[in-house]
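To start, the structure itself, in structure tokens.
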Amino acid sequence: EVQLVESGGGLVQPGGSRRLSCIGSGFTFSTSWMSWVRQAPGKGLEWVANIKQEGSETNYADSVKGRFIISRDNTNNSLFLQMNSLRAEDTAVYYCAREDQVTTRPSYYYYVLAVWGQGTTVTVSS
Amino acid sequence: IQMTQSPSSLSASVGDRVTISCRTSQRISDYLNWYQQKPGKAPKLLIYAASTLQSGVPSRFSGSGSGTDFTLTISNVQPEDFGSYFCQESVSNGYTFGRGTKLEIK
């Protein structure tokens with residue numbers, strides 16, 4: 001069974017740090033781009049960051065750039081999100097997601113968030 | 001890329017046909033995905049490339065559009081279709097989502 005399981009959430013003080021983890025199973029982890037997506041309480045989805053298969057390329061949302069670092073360990077099928085200088089507005093459920101490349105016709109490729117974990121909750125509060 | 005999704009909420013009866021709109025601030029061809037999210041659960045991919053149904057998704061779901069205007073249609077709404085629906089562009093390095101549409105079944 002294809003599965004993603006996040007961990008590491010909890011209560012953090014403003015200005016503090018937290019490291020989230022996500023372990024993949026049931027698929028070849030090292031061949032997939034991976035993303036983090038978050039959802040503040042009662043709000044919509046916000047893409048946070050993603051990382052290429054071997055970790056050589058990363059992208060970040062402007063809201064977390066310079067504060068969060070995405071990384072991966074393909075040996076252990078693991079994805080990480082190091083969150084620093086946390087703010088109240090970072091309070092959210094954080095999901096890891098596998099990005100799949102799909103096609104509808106030759107030479108046309110699309111990226112989708114095809115597999116999601118169950119999420120881990122981060123609360124930033126004093 | 002800015003995403004404008006409407007309506008923010010709607011209520012429908014079983015058997016109704018509902019449409020959800022998503023408009024982008026730039027032309028994105030058909031790089032548009034739709035997700036369904038049930039309360040307390042992770043999102044689930046419904047449609048990609050604006051109109052291609054993900055495997056296992058019921059055929060009452062359909063998508064259309066290209067450029068800047070897109071539509072998700074649910075024909076013959078079923079009780080299990082309650083939840084929130086999000087559009088998402090996949091043309092940029094950062095995947096922007098719409099703000100969501102909450103569907104309630106009467």
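Below, chains carry the letters A, B, ... as their sequence lines are ordered, and counting in each starts from 1. A quick note: this is a predicted structure, and the numbers were derived from the prediction, not measured.
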Pick one of side chain, backbone, both or neither for [X], based on which atoms fall under 4.5 Å of a heavy atom in chain B.
{"X": "A:Val48", "value": "neither"}
{"X": "A:Tyr111", "value": "both"}
{"X": "A:Val112", "value": "both"}

Proximity breakdown for B:Tyr95 and chain A, heavy-atom pairs closer than 4.5 Å:
both
Tell me, side chain or backbone of B:Gln37 under 4.5 Å from chain A's heavy atoms, or both, or neither?
side chain
Check for me, please, whether [X] and [Y] land in the same ILVMFWY cluster - side-chain distances under 4.5 Å, paths through other members count.
{"X": "A:Tyr95", "Y": "A:Val64", "value": "no"}
{"X": "B:Leu72", "Y": "B:Val77", "value": "yes"}
{"X": "A:Trp33", "Y": "A:Phe68", "value": "no"}
{"X": "B:Phe82", "Y": "B:Val14", "value": "yes"}
{"X": "B:Tyr85", "Y": "A:Val93", "value": "yes"}

Highest number of heavy-atom pairs under 4.5 Å with chain A among B:Leu45, B:Thr96, B:Val91 belongs to B:Leu45
For chain A, which candidate among B:Gly100, B:Pro43, B:Ser90, B:Ala42 shows the most heavy-atom pairs at distances under 4.5 Å?
B:Pro43
Looking at [X], I'd like to know if its [atom1] atom is crowded, meaning that more than 12 non-hydrogen atoms belonging to other residues, nucleotides or ligands lie closer than 6.0 Å.
{"X": "B:Arg60", "atom1": "CZ", "answer": "yes"}
{"X": "B:Glu80", "atom1": "CD", "answer": "yes"}
{"X": "B:Leu53", "atom1": "CG", "answer": "yes"}
{"X": "A:Arg67", "atom1": "CZ", "answer": "yes"}

Could you tell me which non-hydrogen atom of [X] sits nearest to which non-hydrogen atom of [Y], and how far apart they are?
{"X": "A:Val37", "Y": "B:Phe97", "result": "CG1-CE1, 4.1 Å"}
{"X": "A:Trp47", "Y": "B:Gly94", "result": "CZ3-CA, 3.3 Å"}
{"X": "A:Leu113", "Y": "B:Tyr35", "result": "N-OH, 3.0 Å"}
{"X": "B:Phe86", "Y": "A:Gln39", "result": "CZ-NE2, 4.0 Å"}

Do A:Thr104 and B:Tyr48 have side chains that approach each other closer than 4.5 Å (heavy atoms only, starting at C-beta)?
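Yes, at least one pair of side-chain atoms sits under 4.5 Å.
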Please check if any side-chain donor atom of A:Tyr110 sits under 3.5 Å from a side-chain acceptor atom of B:Asn33, or the reverse.
no
